[in-house]
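Atoms considered below: every heavy atom in the structure, side chains included; atoms not considered: hydrogens, waters and symmetry mates. No experiment lies behind these values; they were computed from the predicted model shown.
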Amino acid sequence: MAATLDNRTTSITKLERERFEEVRSGEKDIRTLCLGCASLKVKMEHPLFEGGLCSGCKDSFLDNYYLFDDDDGTQMYCAICSDGMEVFLCDVTGCPRAFCYFCVEKICGKEELDKITAKTNWNCFLCEPEMCPAPLRVRQDWHQRVQALFAAPDPIEYDPLVIPPPLPLAERRPIRVLSLFDGIATGYVALKNLGFDVELYVAAEIDCDAVRVRRRLLGGGNRFLFYRRCLRCIILILRTWETFRKLVEKS
């Protein structure tokens with residue numbers, strides 16, 4: 001029934017004890033508190049129990065609620081605070097819920113913690129909500145709340161896709177290509193397969209084998225300029241920027 005899973009939380013703070021004592025005495029409404037840390041800055045309602053979650057505990061809940069132990073399939077973190085060092089594991093077959101000692105003690109009191117600790121078999125608060133100790137109260141619609149919390153958000157609406165008309169053949173001009181880390185000129189092959197007229201193809205590649213393959217495939221001539229050092233290619237750009245500027249502007 002009990003297990004040690006994590007050491008992120010080490011103790012109940014004085015503030016948590018005081019505020020939940022006020023809840024048990026009727027001085028404070030549990031719905032105004034974060035069940036995880038007793039903060040008054042409630043960001044949302046806790047999906048399982050009456051009460052809230054602050055921004056930080058909400059993030060922890062979203063991150064950890066569906067984290068399960070690989071060995072036995074139980075929750076890795078407390079179902080209330082999504083934290084916890086030592087936890088109670090539900091003994092109902094098929095229930096993976098875990099509840100940390102700290103949440104039971106700070107919310108329900110030390111006596112309730114001792115009662116659960118003394119039991120050989122324990123059915124958790126969600127499996128037996130009618131036995132849930134005050135002031136902890138299970139929400140009747142907690143299944144739907146969890147499902148809604150993790151449901152995908154509304155799909156993003158995008159503007160209609162606008163496809164510009166093709167450029168008339170008479171207005172099309174050959175392109176000049178600068179390719180760094182070119183490999184075996186697959187970029188040139190792709191452009192040719194797409195029907196582009198390549199006027200000049202300047203490529204840089206440091207791998208000697210790739211350069212040899214590329215030269216074998218494409219040959220040489222004025223259309224192809226190959227460099228085995230990218231620095232030389234960069235110097236070429238600086239010297240002949242006008243050669244590539246129109247290509248850059250239209251790409």
Side-chain angles (χ1 to χ4, degrees), residues 1-69 72 74-92 95-119 122-142 145-146 148-150:
M1 182 180 73
T4 300
L5 298 179
D6 198 285
N7 59 358
R8 298 188 319 171
T9 300
T10 56
S11 63
I12 302 173
T13 67
K14 180 181 179 181
L15 179 64
E16 288 175 326
R17 290 187 183 279
E18 291 176 350
R19 286 184 174 171
F20 282 109
E21 284 176 2
E22 291 175 350
V23 170
R24 292 196 294 273
S25 66
E27 300 176 44
K28 193 178 292 293
D29 190 338
I30 196 171
R31 292 173 294 182
T32 65
L33 294 182
C34 170
L35 296 184
C37 65
S39 170
L40 297 176
K41 297 180 180 180
V42 172
K43 183 71 174 181
M44 60 167 284
E45 292 181 333
H46 197 292
L48 306 180
F49 301 94
E50 293 287 337
L53 288 172
C54 67
S55 180
C57 291
K58 172 190 173 183
D59 292 340
S60 295
F61 190 92
L62 291 172
D63 290 341
N64 299 332
Y65 184 77
Y66 281 114
L67 291 180
F68 298 97
D69 187 89
D72 56 16
T74 57
Q75 280 186 322
M76 294 183 65
Y77 300 103
C78 173
I80 298 177
C81 67
S82 294
D83 198 338
M85 182 173 66
E86 293 182 297
V87 296
F88 295 109
L89 300 177
C90 182
D91 288 308
V92 174
C95 179
R97 310 299 171 202
F99 294 85
C100 73
Y101 288 26
F102 298 131
C103 278
V104 173
E105 180 180 353
K106 72 185 179 185
I107 298 175
C108 304
K110 184 66 165 56
E111 291 183 5
E112 186 62 34
L113 175 66
D114 293 338
K115 288 180 182 178
I116 297 176
T117 305
K119 292 183 178 180
W122 177 67
N123 297 347
C124 77
F125 308 132
L126 296 178
C127 289
E128 292 188 354
E130 68 279 1
M131 301 299 293
C132 190
L136 197 63
R137 295 188 296 273
V138 177
R139 296 188 187 275
Q140 294 183 355
D141 60 344
W142 68 268
R145 285 175 175 264
V146 170
L149 181 62
F150 288 94

Counterpart residues, side-chain hydrogen bond (donor to acceptor under 3.5 Å, both in side chains), relative to Glu111 (two or more places apart):
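Once residues adjacent in sequence are excluded, Glu111 has no partner under the side-chain hydrogen bond (donor to acceptor under 3.5 Å, both in side chains) criterion.
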Check side-chain hydrogen bond (donor to acceptor under 3.5 Å, both in side chains) between Asn123 and all other residues, then give those that pass, not counting sequence neighbours.
Glu128
Set of residues satisfying ring-ring contact (aromatic ring centres under 6.0 Å, His included) with respect to Phe61, sequence neighbours excluded
His46, Tyr65
So, using ring-ring contact (aromatic ring centres under 6.0 Å, His included) as the criterion, who are the partners of Phe68 when residues are at least two apart?
none
How would you list, by chain and number, every residue that makes a side-chain contact (heavy atoms from CB on, under 4.5 Å) with [X], sequence neighbours excluded?
X      : result
Lys14  : Glu18
Arg145 : Glu45, Pro47, Arg139, Asp141
Cys108 : Glu112, Pro133, Leu136
Val42  : none

Evaluate Ile80 against Leu48 for side-chain contact (heavy atoms from CB on, under 4.5 Å), listing each step before the verdict.
CA-CA 8 Å; Ile80 298 177; Leu48 306 180; over 6 Å; no
[X]: salt bridge (Lys or Arg N to Asp or Glu O under 4.0 Å) partners, not counting sequence neighbours:
X      : answer
Lys28  : Glu22
Arg17  : Glu105
Asp114 : Lys110

Any chance you could measure [X], atom [atom1], to [Y], atom [atom2], to the nearest 0.5 Å?
X      : Y      : atom1 : atom2 : value
Cys103 : Phe49  : SG    : CZ    : 9.0 Å
Cys81  : Ile107 : SG    : CD1   : 8.0 Å
Lys43  : Cys54  : NZ    : SG    : 10.5 Å
Cys57  : Met44  : SG    : CE    : 11.0 Å
Leu53  : Lys58  : CG    : NZ    : 9.0 Å
Glu27  : Ser25  : CD    : OG    : 3.5 Å

Mind listing the closest non-hydrogen atom pair of [X] and [Y] along with its distance?
X      : Y      : value
Cys78  : Cys100 : SG-N, 3.3 Å
Arg24  : Lys106 : NH1-O, 2.8 Å
Pro135 : Ile30  : O-CD1, 3.7 Å

So, the side chain of Asn64 versus the backbone of Tyr77: is there a donor-acceptor pair under 3.5 Å, distance only?
no
Is there a side-chain contact (heavy atoms from CB on, under 4.5 Å) between Arg19 and Leu40? Walk through the geometry before answering.
CA-CA 10 Å; Arg19 286 184 174 171; Leu40 297 176; 3.6 Å; yes
Before giving the answer on side-chain contact (heavy atoms from CB on, under 4.5 Å), spell out for Tyr101 and Ile12 the whole-Å C-alpha distance, their side-chain angles and the decisive distance to 0.1 Å.
CA-CA 10 Å; Tyr101 288 26; Ile12 302 173; over 6 Å; no
What residue among Phe99, Trp122, Phe102 forms ring-ring contact (aromatic ring centres under 6.0 Å, His included) with Phe88?
Trp122
Please list every donor-acceptor pair under 3.5 Å in which a side-chain atom of residues 32-39 meets a protein atom from a residue at least two apart or in another chain.
unit_1: Thr32; atom_1: OG1; unit_2: Asp29; atom_2: O; d: 2.6
unit_1: Ser39; atom_1: OG; unit_2: Lys41; atom_2: N; d: 3.0

How about Trp142 and Leu126: do any of their side-chain heavy atoms sit closer than 4.5 Å?
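Touching, per the 4.5 Å side-chain cut-off.
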